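As the structure is a prediction and not an experimental result, all values here were calculated from the model.
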Amino acid sequence: MKKKNILPPSFEPIAEENILEVRNLKVDIAVDDYVLNAVRGVNFTMKKGEILGLVGESGCGKSVTSKEIQGINPDNCASSGEVLFRTKDGKVLNLLTLEKDGETYRAIRGAEIAMIFQEPMTAFSPLYTIGNQLAEIILIHEPKTTRQQARARVLEMLKKVGIANPEKRIDQYPHEFSGGMLQRALIAMMLSLNPTLLIADEPTTALDVTIQAQILELMLNLQREFGMSILFITHDLGVVANICDHVAVMYLGEIVEYGTTQQIFHNPQHPYTKGLLNSLPKMEQSRAEKLYVIDGVVPLPVDMKPCCGFHERCGECMKGTCDQQYIDWVTVEKGHTVRCLKAKGC
């Protein structure tokens with residue numbers, strides 16, 4: 001399938017306080033003889049300095065959404081909609097109109113939009129030292145910087161992310177680092193150019209609980225220091241509760257509920273959000289008591305009908321309604337919206 005960008009005109013300019021606005025983003029993936037509707041009309045905004053949690057099960061389209069913002073989805077993906085990004089110099093660009101390998105996009109990646117991937121063990125080349133790989137991104141985006149200056153910056157960043165004995169570690173190879181240290185080194189690489197937007201795609205998934213807490217605390221401290229916005233992608237609502245300002249709950253390529261962290265945790269409205277929260281282990285829960293499990297699995301997004309994507313797994317589904325018609329947004333309270341007929345009191 002040939003990649004193309006179908007771009008409807010913007011009737012509203014990007015708000016002054018926003019650094020990113022995603023409008024009606026759709027991503028279709030050509031696979032053999034069918035097309036996956038991986039992202040189906042996603043909308044969200046991010047303010048300067050905000051941490052937004054994008055939450056959902058595996059296969060809901062979270063990573064595809066984040067990679068489309070970065071322009072790194074493979075060539076069998078066709079995108080449409082608008083991804084409006086405000087650059088450091090104040091320009092607003094629709095990233096979907098840029099050539100993925102063009103000079104403008106290459107200048108934005110790393111320097112203005114950085115991304116931390118979920119598997120630090122495979123993020124680095126085993127053939128080069130950590131210091132060499134961290135310095136490379138600086139030298140690419142700042143060609144006037146000397147290697148000595150880049151090395152000094154790398155040492156500074158390794159110290160900032162809490163790697164002990166950075167003078168020694170800078171000349172070591174990835175296999176000499178633990179998983180937690182590699183994640184710290186990856187964060188150092190992504191922040192070395194002071195980006196305005198950091199996309200963290202499940203950055204703590206491959207780490208044990210103790211190291212997870214350290215990495216989250218590190219990201220919060222660096223976010224406060226650098227003042228950047230963070231799009232934090234995870235399936236772990238416990239992580240979201242600790243660091244995010246707002247939460248967007250995603251299911252089957254759509255955002256089904258959006259609100260502040262407090263609104264989502266204390267007043268969840270969508271049955272899927274309630275299911276995710278009920279799935280969390282509770283301190284008062286006995287060992288004999290089984291954890292709550294949402295029935296079924298995320299269906300394959302092929303030939304999707306205009307209806308609630310969660311209806312097949314929903315215990316509150318109204319047959320003939322939820323499975324037959326498009327579900328529009330309902331405002332629960334200021335800043336809290338949901339796509340569910342139950343919120344209308346039906």
**Co-members of Leu127 in a cluster of I, L, V, M, F, W and Y side chains, linked at under 4.5 Å** =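 In the cluster with Leu127 are Tyr128.
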**Item:** Remaining members of hydrophobic cluster (4.5 Å side-chain criterion), Tyr173
**Value:**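 Noted: Tyr173 shares its cluster with no other residue.
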**Item:** Over all atoms of both residues, closest heavy-atom pair of Met181 and Ile163
**Value:**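 Scanning both residues, the minimum pair turns out to be O-CD1, 3.9 Å.
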**Prompt:** What closest approach, in Å, do Val39 and Thr65 show between heavy atoms, and which atom pair accounts for it?
**Reply:**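 Smallest interatomic distance, heavy atoms only, reads CG2-OG1, 3.5 Å.
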Output the distance between atom [atom1] ([X]) and atom [atom2] ([Y]), rounded to the nearest 0.5 Å.
X	Y	atom1	atom2	value
Glu112	Leu198	CD	CG	13.5 Å
Tyr34	Asp28	OH	CG	13.5 Å
Ile130	Ser125	CD1	OG	9.5 Å

**Request:** Output, in order, the C-alpha distance, side-chain angles, deciding distance and verdict of side-chain contact (heavy atoms from CB on, under 4.5 Å) for Met190 and Ser192.
**Result:** CA-CA 6 Å; Met190 294 300 102; Ser192 60; over 6 Å; no
**Asked** Are more than 12 heavy atoms from other residues, nucleotides or ligands located less than 6.0 Å from atom CG of Asp33?
**Response**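 Incorrect, the count does not exceed 12.
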**Asked** More than 12 heavy atoms of other residues, nucleotides or ligands under 6.0 Å from NZ of Lys88: is that the case?
**Response**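 Correct, the count exceeds 12.
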**Asked** Is there any ring pair (Phe, Tyr, Trp, His ring centres under 6.0 Å) pair reaching into residues 243-263, and which pairs are they, with sequence neighbours excluded?
**Response**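 The answer is His246-Tyr258, Tyr251-Tyr272, Tyr251-Phe310.
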**Request:** Run through Leu191, Leu197, Asn194 and flag the one making a side chain to side chain contact (heavy atoms under 4.5 Å, CB included) with Met228.
**Result:**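 Result for side chain to side chain contact (heavy atoms under 4.5 Å, CB included) with Met228: Leu191.
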**Arg224 NZ/CZ over Phe226 ring centroid, <6.0 Å and within 45° of normal** =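 Relative to the ring axis of Phe226, which defines the angle, Arg224 lies outside at least one limit.
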**Request:** Check the pair Arg313, Glu57 against salt bridge (charged side-chain N to carboxylate O under 4.0 Å, His left out), reporting the backbone distance first and the verdict last.
**Result:** CA-CA 13 Å; Arg313 306 173 65 188; Glu57 292 171 279; 2.9 Å; yes
**Asked** What's the verdict on salt bridge (charged side-chain N to carboxylate O under 4.0 Å, His left out) for Glu156 and Arg151, showing C-alpha distance, side-chain angles and the deciding distance?
**Response** CA-CA 9 Å; Glu156 181 186 351; Arg151 182 180 175 88; over 6 Å; no
